[in-house]
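Predicted, not measured: the structure shown is a model, and the values here were computed from it. First the proteins, then the strands, lettered A, B, ... as listed; each starts at 1.
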Amino acid sequence: MQGTGVHLDAVKKSFGMVDVIKGVDMQVKRGEFAVFVGPSGCGKSTLLRMIAGLEDTSGGSISIGERDVTHADPADRGVAMVFQSYALYPHLSVFENMAFSLRLAKRPKAEVKDKVQEAAAILQLTDHLDKKPSQLSGGQRQRVAIGRAIVRAPEVFLFDEPLSNLDAELRVQMRLELARLHQKLGATMIYVTHDQVEAMTLADTIFVLQGGHVQQSGAPLDLYDDPSNRFVAGFIGSPSMNFLDAKVVAQTSGGITAELTSQPDARFDIALTERPAVGTPVSLGMRPEHISITEGVGLRVTVDVAEELGGVSYQHGTLEGGEPVIFQQTGARHGMHGTVQTVMPDAARMFVFDEAGDRLR
Amino acid sequence: MSQANRRNRELRAAALLVLPFVFIFAVFFLYPTYKVVALSFTDAPLIGEGNWVGLANYTKLFGDRLFYTSLWNNFYFVLLTVIPTTVIALLIALSVSKLKGRVQALVLTLFFLPYVLPVSVVTMIWAWMLDFQFGVLQPLIAAITGKPVPVFKNPTWVMPMIAVVTVWWTNGFNVLLMIAGLRNIPADLYEAASLDGATPWQRFWRVTWPLLWPVVSLVLTLQLILQLKLFDQVYLLSNGGPFNQSYVVLMQMYREAFQLNNGGYASAIAMVLFLVIVIVSILQFQLLRIRGRK
Ligand SMILES: Nc1ncnc2c1ncn2[C@@H]1O[C@H](COP(=O)(O)OP(=O)(O)OP(=O)(O)O)[C@@H](O)[C@H]1O
Ligand SMILES: [Mg+2]
């Protein structure tokens with residue numbers, strides 16, 4: 001287990017009768033930027049707080065570096081956490097907030113000053129060191145919270161939706177700063193977010209959590225290109241993947257032919273190695289950007305909402321059977337609102353899922 | 001035109017809402033206050049008019065040995081109650097806030113219960129518990145001092161015992177204020193502090209104490225004012241004795257007004273106590289604020 005940053009082994013957590021985390025294994029390498037994503041209430045914060053030691057672990061083990069810290073005190077784990085609420089001490093100045101842990105450890109004055117100044121310089125807080133947190137903007141408070149973590153020089157940084165209280169522009173800016181900070185410090189970071197873009201841009205590894213389990217983990221684009229089940233396919237990517245119900249009508253030499261339930265004249269030949277029997281119901285997943293307008297036969301979509309973003313537009317519509325479909329258009333303004341469009345998905349980039357939601361390859 | 005109309009209507013509504021309070025305030029507070037100030041410059045009896053005597057009541061008061069004894073006893077009592085009750089309330093609040101849900105509500109109710117009792121019941125309970133012959137607490141006192149003590153008839157014991165009774169009686173309210181203050185401190189500050197490596201002791205002194213300070217200083221100020229107005233417990237438990245060792249300013253005012261029929265002189269005593277309370281509490285408030293800002 002050389003080079004292990006954080007290692008979770010069959011970790012479980014229950015609050016009373018409710019099992020929130022039902023057995024999570026994960027391996028975050030030293031220096032890696034790991035991101036937890038998942039729907040609200042899936043236990044991302046809980047898992048993070050368990051790594052920090054703020055929640056007891058009901059089962060399994062957690063190790064950081066070479067040490068088993070499952071039952072260690074938060075302070076002895078070598079982790080620092082940045083809270084969504086910032087959790088700055090309101091009665092202390094920015095300097096004292098950042099110096100707090102060093103003061104507790106009774107470090108010499110000069111060392112405290114050096115370390116705080118250094119962190120403040122990285123985060124451009126040097127001019128604000130004498131202010132109280134209430135005198136700072138949201139972004140500055142966020143930086144102080146990060147500064148407080150940096151000063152401790154922890155093995156692992158934990159972030160719980162640190163940017164969610166900031167406006168869109170500041171989020172983008174802080175996101176870049178976090179990416180730079182990670183390169184500069186080279187420490188292991190674990191980051192919880194709701195934001196697709198944050199997850200895709202920051203992560204070395206994304207862990208998709210749902211139902212108390214890790215559904216899939218891997219590099220952002222691997223998850224995007226090769227989701228292992230329907231949940232991950234739908235969760236990663238924005239706008240999310242289209243899922244259309246279909247039925248296997250024939251087995252071909254290299255795969256299957258599937259026919260849509262709601263529009264039986266639409267048939268697709270899909271390459272698969274494990275070929276389900278004829279008649280098996282399946283779900284076909286296709287990303288909005290892999291669906292294009294066609295002159296020939298295809299899916300007839302009645303467009304009811306068009307989201308024009310300038311460079312691209314997302315056309316939201318329904319099939320004749322009522323199933324929702326989103327497809328992406330690039331370039332010129334289309335004015336498709338209210339029209340019926342014939343579109344064709346790229347069968348080579350389609351995903352097939354069985355009824356349980358598992359990917360068929 | 002219509003704007004003026006609306007203004008008029010608003011004014012009328014405002015007056016209607018404010019008048020009952022202003023009336024009651026004027027009749028039962030402003031007028032009596034004015035009357036006390038006016039009376040203190042006359043030799044009036046309790047009922048009826050008197051003659052203007054200028055500052056004579058005040059000069060007499062400042063030459064009155066009993067007044068200095070009373071004032072000293074007042075301050076002694078403040079010393080015995082204000083800080084101890086605040087510290088005790090803080091300790092109780094800290095332990096109660098560690099409890100959860102129903103148990104917490106129950107324990108809080110138990111601590112608050114004495115506050116609901118009227119003073120006469122409180123003094124009755126303690127008079128019996130401390131009764132020289134039958135009191136259940138006498139064995140305890142005997143165990144400490146070697147013999148039973150008639151506490152309300154003993155010059156050294158009387159003030160501290162009245163202080164104990166008072167603290168027992170009024171503590172629940174302070175606990176409640178402190179609990180409210182503690183609940184106002186966000187839990188994630190403690191989590192951040194424990195990640196930063198703070199021991200429970202450091203968490204108290206570096207997070208709880210500074211953030212609770214506004215409430216602590218509020219409790220201190222309220223207590224100071226309340227305890228300077230000591231009367232009921234003394235009147236009911238020791239009546240000022242023995243040897244005037246528990247005589248307090250309000251006791252003296254009561255005697256002058258309602259037993260000796262000296263309305264003017266009693267008013268002067270009331271005025272001086274009023275000024276003392278104002279000055280002391282402003283001083284204390286300033287002192288606490290400076291400490292808090294540091
Ligand atoms: N102290 C607690 N007691 C009981 N249940 C809890 C407690 N804390 C969290 N839970 C439950 O655990 C589940 C996971 O909570 P958690 O806060 O980890 O979700 P999350 O994934 O961070 O959600 P979000 O994205 O909304 O922040 C939720 O269903 C929540 O109700
Ligand atoms: Mg959360």
* Donor-acceptor contact present, side-chain A/Arg152 to main-chain B/Leu195, <3.5 Å -> yes
* To do: Please say whether more than 12 non-hydrogen atoms of neighbouring residues, nucleotides or ligands are located less than 6.0 Å from CD in A/Glu118.
  => no
* Structure fact -> On a heavy-atom basis, the closest approach of A/Leu104 and B/Ala193 is CD1-O, 4.4 Å
* Asked: Counting heavy-atom pairs under 4.5 Å to chain B, which of A/Asp73, A/Val82, A/Leu88 comes out on top?
  -> A/Leu88
* Using non-hydrogen atoms and a 4.5 Å limit, figure out which bit of A/Tyr89 sits close to chain B: side chain, backbone, both or neither. => both
* **Shortest non-hydrogen contact between A/Ala75 and B/Gly197, atoms and distance** => CB-CA, 3.3 Å
* To do: Against chain B, label A/Arg103 side chain, backbone, both or neither, depending on which of its atoms sit under 4.5 Å from a heavy atom there.
  => both
* Is the number of heavy atoms from other residues, nucleotides or ligands within 6.0 Å of CD1 (B/Ile83) greater than 12? -> no
* **Portion of A/Val79 that has a non-hydrogen atom of chain B nearer than 4.5 angstrom** => both
* **Other residues, nucleotides, ligands: >12 heavy atoms within 6.0 Å of A/Phe15 CZ** => yes
* Asked: Are more than 12 heavy atoms from other residues, nucleotides or ligands located less than 6.0 Å from atom CG of B/Asn8?
  -> yes
* Hey, is CZ on B/Phe173 packed in by over 12 heavy atoms from elsewhere, all under 6.0 Å? -> no
* Asked: How about B/Asp196 and A/Arg148: do any of their side-chain heavy atoms sit closer than 4.5 Å?
  -> yes
* Heavy atoms from other residues, nucleotides or ligands near OH of B/Tyr190 exceed 12 (cutoff 6.0 Å) -> yes
* Side chain proximity check, B/Glu191 to A/Arg49, heavy atoms < 4.5 angstrom -> yes
* So which part of A/Leu92 gets closer than 4.5 Å to some heavy atom of chain B, the side chain, the backbone, both or neither? -> neither
* More than 12 foreign heavy atoms under 6.0 Å from CG of A/Asp167: is that the case here? -> yes
